[in-house]
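Any value given below was found using the heavy atoms of this structure, including those in side chains, with hydrogens, waters and symmetry copies removed.
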Amino acid sequence: MRSERAARAIVFAALWSAFVACAPTRGDLLAAGPPNYFLAPDGDDANPGTQVAPWKTFAHALPMLRPGLSLVLLDGVYTSATSGMLQVFCGTNAMNGTPERPIAVRAQNERRAFIQGDGGGAPIELSACSNWVVEGLHAEGADLASEMGDEPGSVVVLTHGCNNVVVRRLVAAHPNRYLQASAYVVAHAAENVVIEESEALEFHYYGFHAYDSMHPVFRRDYAHSRDVADLPGGMATVDPLRGDGGFLLTKSTNALIENCIAEHVADGFTIVGSHVVVGGRVQPQHDQILGSIANDTTNAGFHLESRCASTKPCDQGDHIVSDPLLSNDVARGGAVGFLGGGGVRLQIENGSVFDVTDVGVSFGIVVENMGLTSSAFARQTLVSAAGVAVGFRATGQSDWRFQHCNAFGATTPYAPRDGHVDLAGLADP
């Protein structure tokens with residue numbers, strides 16, 4: 001027994017010596033830095049950046065962040081005069097994170113760290129950044145005619161090749177009404193950017209906009225214009241009394257909008273092409289809008305339209321909306337539930353339309369898209385609207401079909417009703 005205890009003691013001593021030899025010294029731990037740094041509007045950059053002694057400015061804090069570290073914003077109002085704006089330019093004033101160790105900026109108490117813009121640039125901007133997380137902040141813009149910068153006037157901007165960036169549980173409001181600005185913008189070759197569980201409020205143009213980007217994701221987001229009207233002398237929008245739309249995809253590839261809500265806007269969800277060909281994404285795009293709701297719109301719940309600029313034939317990828325899938329979506333109110341103005345292989349499945357005034361599902365082609373070979377299909381889709389003029393309508397399509405659809409309450413359920421209408425229903429749902 002005694003020899004067995006002695007053997008165990010020898011083994012333990014050897015293991016302990018190996019552990020001590022490999023363990024970091026106190027100096028190594030200090031060099032590695034704490035897991036979090038802290039920032040506050042009344043902090044001081046001469047402080048160590050702890051919770052009790054936070055830093056003050058983003059300009060000081062951002063270069064300190066290495067992969068795996070977080071910058072925690074304490075409660076307060078962050079302005080240009082106090083801490084500056086959260087403007088992250090990776091490769092210039094900040095590093096990239098890694099997939100395993102992203103860099104994070106987050107509020108200690110969600111939405112109580114308020115970044116208040118003054119028209120001097122985006123309150124929150126990430127440019128050329130990879131593997132970053134921004135979480136729990138509140139940011140607002142301001143009306144200033146002379147605002148400059150990338151995507152000027154927008155509140156949260158992710159641009160110029162940002163990759164693997166996650167924005168989570170933010171509130172962004174009041175983009176600059178002098179400009180074509182949105183609450184959130186993902187643009188210019190950004191890839192795999194996720195904006196989830198966030199709100200866009202008080203906007204005159206769009207709440208969420210992805211432009212010339214690859215696989216942007218909007219998940220469980222909410223957009224409400226709050227009746228923000230156009231500003232005299234500012235940008236004129238389609239609907240001068242409320243926001244133009246909740247969600248907008250322009251020249252995107254494999255975009256995903258999932259379980260989102262758009263309310264009190266002209267168009268709830270919009271996918272459009274570009275009037276100008278500038279070498280952007282080409283067909284097929286394969287954007288998807290899944291399980292989302294458009295409520296209380298004035299124009300269309302879901303609006304899809306190429307922008308051919310009257311070119312004939314229309315065959316440039318920048319112009320064309322192609323291969324979108326809208327599945328399990330709901331449109332309530334407005335003139336039209338699902339509106340197609342010209343595209344390639346538009347697909348609607350399991351859609352539901354309620355209380356529209358003009359057409360439930362409309363596949364058409366606007367004048368500038370007459371050079372496009374347009375096609376659209378709807379299946380297992382319901383229109384229920386008492387007194388609506390037309391339930392399902394198709395004009396100007398090279399190929400189209402309404403399959404297993406149901407129109408209830410429409411003066412004209414299907415226009416036309418021919419061989420393209422398969423197993424049509426008229427039942428009260």
Side-chain angles (χ1 to χ4, degrees), residues 132-136 156 158 162-172 182-187 190-201 203 206-225 243 245-265 267-272 281 284-297 300-305 321-332 337-340 343 345-354 361 377-382:
W132 275 69
V133 177
V134 181
E135 190 170 56
V156 178
L158 306 147
C162 276
N163 188 21
N164 293 325
V165 174
V166 177
V167 173
R168 183 182 295 123
R169 294 194 295 278
L170 264 63
V171 173
S182 300
Y184 298 82
V185 174
V186 181
E191 186 170 3
N192 299 317
V193 171
V194 177
I195 299 178
E196 62 183 8
E197 299 169 7
S198 295
E199 296 180 38
L201 306 172
F203 52 87
Y206 276 86
F208 299 84
H209 184 191
Y211 175 80
D212 197 19
S213 55
M214 295 162 283
H215 195 215
V217 175
F218 300 108
R219 180 181 292 123
R220 297 186 298 278
D221 295 319
Y222 178 73
H224 195 303
S225 71
F247 295 78
L248 173 62
L249 303 176
T250 309
K251 291 202 311 173
S252 50
T253 302
N254 293 308
L256 174 63
I257 300 175
E258 183 177 31
N259 301 141
C260 293
I261 298 173
E263 290 192 292
H264 221 58
V265 287
D267 289 324
F269 299 82
T270 305
I271 305 176
V272 297
R281 310 300 156 215
Q285 293 169 311
H286 292 300
D287 293 336
Q288 298 184 69
I289 305 176
L290 309 178
S292 294
I293 299 170
N295 183 50
D296 190 22
T297 59
F302 298 83
H303 185 187
L304 301 91
E305 189 172 300
V321 171
S322 65
D323 299 278
L325 171 63
L326 280 63
S327 179
N328 294 294
D329 297 313
V330 178
R332 180 179 177 274
F338 293 87
L339 174 61
R345 295 180 295 276
L346 310 185
Q347 302 277 347
I348 300 170
E349 63 179 26
N350 300 318
S352 299
V353 179
F354 302 99
V361 176
F377 309 89
R379 55 185 175 273
Q380 295 179 319
T381 292
L382 162 71

Taking ring pair (Phe, Tyr, Trp, His ring centres under 6.0 Å) as the definition, give me every residue that meets it alongside His215, ordered by chain and number, with sequence neighbours left out. none
For Tyr222, give me all partners under side chain to side chain donor-acceptor pair (under 3.5 Å), at least two apart in sequence or on another chain. Glu263
Contacts of Phe203 meeting ring pair (Phe, Tyr, Trp, His ring centres under 6.0 Å) (sequence neighbours excluded), chain-then-number -> none
With sequence neighbours left out, the residues meeting side chain to side chain contact (heavy atoms under 4.5 Å, CB included) with Ala172 are Val155, Val156, Ala183, Tyr184
Non-neighbouring partners of Ala294 that pass side chain to side chain contact (heavy atoms under 4.5 Å, CB included), sequence neighbours left out: Phe269, Thr297, Phe302
Pro216 versus Val186, closest heavy-atom pair with distance: CB-CG1, 4.5 Å
Separation of Cys260 SG from Phe208 CZ (nearest 0.5 Å): 7.0 Å
Asp287 CG to Leu325 CG distance, which is reported to the nearest 0.5 Å: 10.5 Å
Residues in side chain to side chain donor-acceptor pair (under 3.5 Å) contact with His224, at least two apart in sequence or another chain: none
Over all heavy atoms of both residues, which pair between Leu170 and Val134 is shortest? Give the atoms and the distance, please. CD1-O, 3.6 Å
Residue list, ring pair (Phe, Tyr, Trp, His ring centres under 6.0 Å) with Tyr206, at least two apart or on another chain: none
Looking at residues at least two apart in the chain, or sitting in another chain, which of them share a side chain to side chain donor-acceptor pair (under 3.5 Å) with Thr250? His209
Taking only residues two or more places apart in sequence, or in another chain, which ones meet Glu196 in a salt bridge (charged side-chain N to carboxylate O under 4.0 Å, His left out)? Arg168, Arg219, Arg220
Heavy atoms only: give me the nearest Ala331-Gly301 pair and the separation to one decimal. CB-CA, 4.1 Å
Salt bridge (charged side-chain N to carboxylate O under 4.0 Å, His left out) with Arg332: which residues, sequence neighbours excluded? Asp355
Might you point out which heavy atoms bring Val265 and Ala262 nearest each other, and give the distance in Å? CG2-CB, 4.5 Å
Residues in side chain to side chain contact (heavy atoms under 4.5 Å, CB included) contact with Asp296, at least two apart in sequence or another chain: Arg242, His264
Glu199: partners by side chain to side chain donor-acceptor pair (under 3.5 Å), with sequence neighbours left out: Arg111
Pick one: which of Leu248, Leu249, Asn254 meets side-chain contact (heavy atoms from CB on, under 4.5 Å) with Ser252? Leu249
